[in-house]
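Worksheet: the structure to be examined is printed underneath.
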Amino acid sequence: MAVHNLPNELFIIAFDEWARPITVTYQSGGTQSGRGYFSTYDAEIISEAETVYSDQTTILDILNEEFPKVPDTGDTVDIPADPISGNPALGSYQITDVDPYDANQLVTKFTLRKVDTNKP
Amino acid sequence: MSLNPYRVPVPPDGPSLQTQTGAWVLRESFLMALQRLPYFSLFSVRRNPHAGQIQKKELPLLGVYMMSRMAVPDSSDGNRGAHGAISFLDTCRIGFQVMIINMNDEAAERELDQAERAIDVGLWKNGHITNLFTSWNISDQRFEMIDNMHFEDVIRGDSRKKFGSVGVNNETAIAELQYDIQVTYREYFAPDITDDLLRFHGEAFPANYRKHEAYDEIVHVEYEWEFPR
């Protein structure tokens, strides 16, 4: 008989170690503060004449139980400075994709788009 | 012929068809024309598609790329490949790239469509660029086409609008216009004659002439031409 919910406990340990404060602004109205695990890695986009645009793929994980309403596509995530780690603020992102992360539906992974100024 | 016989020489230090292919001259001429358009005044410019990865700070970006050149025999006189000198009907692919950032996908599509229209109107409605006699712009005192090059036609245009990576999971809200055109022009490579024919010596002799017979039966003719040196 298992006495531990290992995935759940592992996620909590990981979030205690790596998550940072976030604020979600829902498209339907209202905000929710919480924490999330932020990660970004490089993404090359093949473009005209085999040019390559250098971009990032940026994700954010949350523990579903920490959010009364799980954010959805179109909602905005603001990532302020992290007072514990000293990491600077990262600005605002828009959620463009939502994926359940694990079989137990404990974690949700969001794909983020940086909120930018239009150019031109 | 792509070279206008009435052309005025470009400055000696300028790019010209003497040192560059027609494809290169077309690319540069189109790029210069687009840079003058108010629409692209805020855009950075790229010529070489492989000059490193495109960075976010370069956006908005206008790229004009020389993609390929295909040359086939110029058969305009009906004798395909039967010329003494080499002549080509060239088809040159030029690629236009417009890359912007816009958080609103529908607005981005509209903006890229405006860019495509700006390219079409800015180039094909420019009477100096498409003029088959001279590209001299008298009001601005410049040639719109480098070395006054002429092209015949734009035989194909193919445009696509792309919005980020295949999985649409990239961080930046980029949108891109990919617009390829195919331009035709002709080239004629007449040989450069540097060894002038200055003297001609001919001998005529009877059909039954045999060696060692009297040499005075042979008729000798000799011509000399003098050219100013």
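Lettering of chains follows the sequences in order, A, B, ..., and the numbering in each one begins at 1.
The environment of CH2 in B:Trp124 is crowded: more than 12 heavy-atom neighbours from other residues, nucleotides or ligands sit within 6.0 Å. For B:Arg117, the CZ atom sits in a loose shell: 12 or fewer heavy atoms of surrounding residues, nucleotides or ligands are nearer than 6.0 Å. More than 12 heavy atoms of other residues, nucleotides or ligands shown are found within 6.0 angstrom of CZ on B:Arg142. Under a cut-off of 6.0 angstrom, the local environment of CD in B:Glu106 is sparse, with at most 12 non-hydrogen atoms contributed by other residues, nucleotides or ligands. With a 6.0 Å radius and a threshold of 12 heavy atoms from other residues, nucleotides or ligands, A:Ile84 has its CD1 atom at or below the threshold. Atom CD of A:Glu50 has 12 or fewer heavy atoms from other residues, nucleotides or ligands within 6.0 Å.
Minimum heavy-atom separation, A:Thr40 to B:Glu171: OG1-OE1, 4.0 Å. Of all heavy-atom pairs between B:Lys162 and A:Ile46, the closest is NZ-O, 3.1 Å. Of all non-hydrogen atoms in B:Tyr65 and A:Thr51, the two that sit nearest each other are OH-CG2, 3.6 Å. Across A:Ser54 and B:Gln53, no two heavy atoms sit closer than the pair CB-OE1, 3.1 Å. Nearest heavy atom pair, residue A:Pro120 against residue B:Leu42, reads CB-CD1, 4.3 Å. Of all the heavy atoms in B:Ile101 and A:Thr117, the pair that sits closest is CG2-O, 3.8 Å.
Rounded to the nearest 0.5 Å, atoms CE (B:Met99) and NZ (A:Lys119) are 13.0 Å apart. Taken from OG1 in B:Thr172 to OH in A:Tyr53, the straight-line distance is 4.0 Å, to the nearest 0.5 Å.
When the candidates B:Val166, B:Val168, B:Asp180 are compared by the number of heavy-atom contacts under 4.5 Å with chain A, B:Asp180 comes out ahead. Ranking B:His50, B:Lys56, B:Met67 against chain A, the residue ahead of the rest is B:Lys56, based on heavy-atom pairs under 4.5 Å. No other option in A:Val115, A:Thr96, A:Asp97 has as many heavy-atom pairs under 4.5 Å with chain B as A:Val115. Comparing A:Ile59, A:Thr57, A:Asp55 by how many heavy-atom pairs each has under 4.5 Å with chain B, the most go to A:Asp55.
Put simply, the side chain of A:Ile45 does not reach to within 4.5 Å of the side chain of B:Glu176, judged on heavy atoms. For the pair B:Met103/A:Arg113, a side-chain contact is recorded, criterion being any heavy-atom separation below 4.5 Å from C-beta on.
With a threshold of 4.5 angstrom between heavy atoms, B:Arg160 approaches chain A through side-chain atoms but not through N, CA, C or O. In this structure, the portion of B:Phe43 lying under 4.5 Å from any heavy atom of chain A is its side chain and not its backbone. With a threshold of 4.5 angstrom between heavy atoms, B:Leu61 does not approach chain A through any atom at all. Using a 4.5 Å cut-off between heavy atoms, B:Gln55 touches chain A through backbone and side chain atoms alike. For B:Glu111, the part lying near chain A is the side chain, with the backbone staying farther off; criterion is any non-hydrogen pair under 4.5 Å.
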(request) Please lay out, stage by stage, how B:Arg46 and A:Glu48 fare under the test side chain to side chain contact (heavy atoms under 4.5 Å, CB included). (result) CA-CA 12 Å; B:Arg46 271 198 175 221; A:Glu48 170 72 355; over 6 Å; no

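No hydrogens or angles considered: nothing links the side chains of B:Asn169 and A:Thr111 as a donor-acceptor pair under 3.5 Å.
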